[in-house]
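Structure first, commentary second.
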Amino acid sequence: MAIPQQILDEIQERTDIVSLISSYIPLKKSGRNFRALCPFHSEKTPSFFVNPNRQIFHCFGCGAGGGAIQFVMQHEKVGFVEAVEMLAKRLGVQIPKSTSPQDSLKTKAYAVNKEASSYFHKNLFLSQGKFALEYLKKRGITEETLKEFKIGYASAEYKSLLQYMRSKGESLSILDKVGLVTSTRDGSFIDLFRNRIMFPIFDVKSRVIGFGARRLVEDKNVPKYINTPESLLYHKGSTLFGINLAKESILKKDSCLIVEGYLDMMVPFQYGITNILASLGTALTVEQIRMIKRYTNNIVLVFDSDSAGKTSSLRAIDSLIEQDLNIKAVSLPSGFDPDNFIREKGKDEFLRLLEDSEDFFLYKLNILIERFNINEVKEKSDLLLEMLSTLLKFNNQLIRYEYLKKLARRLDTKEEFLLAEFKKLDSRQRSPRAFTAHEPEKRDVYQPEEYLIRCILCDKNVFEIIKEVIGPDDFAVPILRRIFEECFNSWTSHNDLEINRILAGVNGQVGRKISQLLVEEFVLKEEVLNECILKVKRNSSKIKKQFLKEQIRKAEEAKDTENLTSLISEYQNLIKQEKPQ
């Protein structure tokens with residue numbers, strides 16, 4: 001749903017961020033700001049600040065930041081539109097209902113998927129679905145669970161669903177857009193899913209966005225599982241199986257179990273272990289991890305005990321660390337996955353395994369010890385480098401060092417040798433960044449590009465001066481270039497710089513950077529501003545000249561005379577511009 005800009009502006013103008021946030025957490029006055037313990041990560045020293053003048057918040061511990069809308073999105077675990085609607089309700093503002101053509105198409109697509117899901121689900125309990133139903137019951141799935149998850153069956157016929165949906169008046173075009181049909185060599189269309197158990201994949205709002213389908217006949221030439229292809233609604237790696245049913249439990253228990261397959265999720269859920277999600281058989285994506293973070297920072301990996309399962313868990317560990325999540329892992333006995341373990345050993349035994357879940361570091365180390373011969377110098381060295389690379393993904397220096405000591409003890413290696421190797425790796429890959437609580441900084445020295453952005457954000461009149469001599473291409477730092485572009489777009493569209501309007505249009509790293517720059521204390525000095533403008537222009541010119549030199553070299557090698565002449569002319573003009581008039 002598109003929210004009219006004037007309504008959005010009214011909501012932001014009328015919302016007092018201090019009043020809003022203090023209705024969720026206690027705020028304490030601290031100079032010109034308010035401070036509190038951050039509601040988005042665990043901390044003992046307050047690093048969460050709210051600036052009433054700028055109407056923004058920022059946490060110097062976890063980096064969360066933005067305006068009123070971003071706070072509601074993060075605290076309530078909702079999307080942009082839902083957050084705006086919640087603020088509107090709080091203010092008594094009516095949002096007119098209006099839909100764009102794309103919104104209408106998506107609404108139609110959701111309806112089509114819902115109808116297809118109902119069709120498959122009914123099939124499961126008809127004579128044609130008897131074999132599929134018997135198979136599921138043999139796997140320990142009750143009829144109640146089948147209905148709760150809306151599990152279904154796709155007929156073996158080539159056009160069963162197609163004909164049903166056409167009888168309902170649905171066009172071939174919309175069926176193709178949601179990935180329910182596929183074209184043949186002669187250009188005709190048939191059902192994509194045939195003779196398969198159907199697992200509807202829901203989003204957080206319980207809307208069917210796609211399907212996973214398991215074959216019923218063992219055939220090496222037929223894939224065991226197929227999923228809805230990339231479509232209008234379904235994007236691989238964008239959701240997790242069971243999120244619609246498990247989200248409340250995850251939030252309440254502040255913990256989430258991650259498994260691989262559909263039944264690995266459904267069987268424990270059936271047994272009352274409801275804070276559980278399945279990764280749909282793929283490596284966890286950043287998008288999936290961020291979805292989990294809306295509900296908890298505590299993850300327990302419960303992957304299969306075979307080689308593939310262990311490989312998946314190793315990939316997941318590194319991805320989860322990069323997103324600052326707390327990770328544990330469960331080692332299942334050989335030959336077991338979560339599905340058959342809980343059916344054969346029972347719920348209590350499964351819960352004992354969860355209680356004994358290992359620290360991710362020891363879990364990963366044990367897997368690698370199985371794969372490397374630590375009696376061989378080269379293999380032991382490779383193992384150590386793999387573990388050190390994992391430690392690099394931590395932002396917290398203390399955590400890094402404590403795990404490094406454990407690694408040294410476990411592999412009987414001198415701590416100082418490991419530390420030296422770790423520092424070499426660190427210097428090559430990235431500079432260390434401590435994840436600790438901070439006060440808003442008061443600095444006298446800034447990087448020129450950052451100084452210009454601070455000036456723009458703190459005094460919109462300065463932007464009128466800067467934009468005449470500085471453009472987005474003059475910024476070498478991508479995130480600062482993006483902020484400048486957002487300011488430029490705001491000025492072009494509204495002849496003004498409304499920070500909350502800009503924050504409403506951005507998310508993620510850009511919004512966090514803006515809130516950080518705004519909440520830190522800053523004094524604009526005209527002489528420093530002028531000096532920074534000159535430095536940014538000089539640096540930009542230097543980068544452009546280096547780029548042109550490289551392009552000229554390539555054009556000379558390719559003997560591209562026409563392009564070479566143009567590049568040389570551009571290079572000469574750049575030099576002329578640098579010369580004082």
Side-chain angles (χ1 to χ4, degrees), residues 21 24-25 36-48 57-66 70-79 83 204 237-240 242-243 246-259 265 273-279 283-303 313-330 354-355 357-364 390-400 402-403 433-438 507-509 511-512 515:
I21 294 179
Y24 288 89
I25 58 173
L37 291 172
C38 181
F40 306 124
H41 81 284
S42 298
E43 61 177 9
K44 294 182 180 179
T45 304
S47 58
F48 180 90
F57 73 93
H58 187 79
C59 176
F60 289 89
C62 67
Q70 285 72 28
F71 180 84
V72 174
M73 287 172 67
Q74 293 182 66
H75 202 282
E76 297 288 352
K77 321 297 182 191
V78 295
V204 292
S238 65
T239 191
L240 292 142
I243 185 69
K247 60 184 180 181
E248 297 300 330
S249 178
I250 294 167
L251 193 61
K252 184 178 179 181
K253 296 181 180 179
D254 193 19
S255 174
C256 179
L257 311 184
I258 303 293
V259 295
M265 184 270 169
I273 301 168
T274 52
N275 58 325
I276 184 169
L277 298 171
S279 64
L284 281 174
T285 65
V286 172
E287 200 169 355
Q288 287 173 326
I289 293 169
R290 287 174 178 167
M291 180 180 286
I292 297 167
K293 281 188 72 173
R294 295 179 190 175
Y295 305 97
T296 185
N297 284 321
N298 303 306
I299 305 294
V300 181
L301 300 174
V302 195
F303 287 173
S313 63
L314 293 184
R315 286 199 302 267
I317 282 170
D318 285 355
S319 298
L320 290 162
I321 291 170
E322 288 177 335
Q323 295 297 319
D324 293 316
L325 288 162
N326 306 316
I327 317 145
K328 289 191 174 182
V330 168
L354 296 181
E355 288 176 5
S357 57
E358 294 180 279
D359 177 279
F360 88 93
F361 188 81
L362 296 177
Y363 175 82
K364 180 168 185 174
T390 294
L391 292 188
L392 276 177
K393 298 182 185 301
F394 278 102
N395 292 316
N396 191 308
Q397 300 276 40
L398 291 175
I399 291 177
R400 286 178 172 186
E402 288 302 316
Y403 277 129
R433 177 170 63 88
F435 184 74
T436 54
H438 293 281
N507 52 40
Q509 191 179 4
R512 291 193 293 271
S515 66

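Residue numbers start at 1 and run along the sequence shown. Keep in mind the model is a prediction, meaning the values are calculated, not measured.
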Exercise for the section: Applying side-chain hydrogen bond (donor to acceptor under 3.5 Å, both in side chains), name anything that partners Thr239, two or more places apart in sequence or on another chain. Expected result: none
Problem - Under the side chain to side chain contact (heavy atoms under 4.5 Å, CB included) test, residues paired with Lys253 that sit two or more places apart - result: Ser249, Thr274, Asn275
Completion exercise
Rounding to 0.5 Å, atoms CG (Leu320) and CD1 (Ile327) come to a distance of 5.0 Å
Practice task
Could you tell me which residues satisfy salt bridge (Lys or Arg N to Asp or Glu O under 4.0 Å) with Lys364, sequence neighbours excluded, listed by chain and number?
Solution key: Asp318, Glu386
Problem - Residue list, ring pair (Phe, Tyr, Trp, His ring centres under 6.0 Å) with Tyr295, at least two apart or on another chain - result: none
Problem - Any donor-acceptor N/O pair, Glu43 side chain to Cys38 backbone, under 3.5 Å - result: yes
Fill in the blank from the handout: Hits for side-chain hydrogen bond (donor to acceptor under 3.5 Å, both in side chains) against Asp254, two or more places apart or cross-chain, chain-then-number order -> Thr296, Asn298
Problem - With sequence neighbours excluded, residues passing side chain to side chain contact (heavy atoms under 4.5 Å, CB included) with Glu402 - result: Lys405
Handout entry: Distance-minimising heavy-atom pair for Cys59 and His41
Key = SG-CE1, 3.4 Å
Exercise for the section: With sequence neighbours left out, write down each residue that passes side-chain hydrogen bond (donor to acceptor under 3.5 Å, both in side chains) with Glu248, or none if nothing qualifies. Expected result: none
Fill in the blank from the handout: Sequence neighbours excluded, the answer for side chain to side chain contact (heavy atoms under 4.5 Å, CB included) partners of Ala36 is Ile25, Leu27, Phe48
Handout entry: Glu358: side-chain hydrogen bond (donor to acceptor under 3.5 Å, both in side chains) partners, not counting sequence neighbours
Key = Ser331, Asn366
Handout entry: Closest non-hydrogen atom pair, Ile250 against Cys256
Key = CD1-SG, 3.7 Å
Practice task
Check ring pair (Phe, Tyr, Trp, His ring centres under 6.0 Å) between Phe40 and all other residues, then give those that pass, not counting sequence neighbours.
Solution key: Phe71
Fill in the blank from the handout: The side chain to side chain contact (heavy atoms under 4.5 Å, CB included) partners of Leu398 (sequence neighbours excluded) come to Asn396
Practice task
Check whether more than 12 heavy atoms from other residues, nucleotides or ligands sit under 6.0 Å from atom NZ of Lys328, and answer yes or no.
Solution key: no
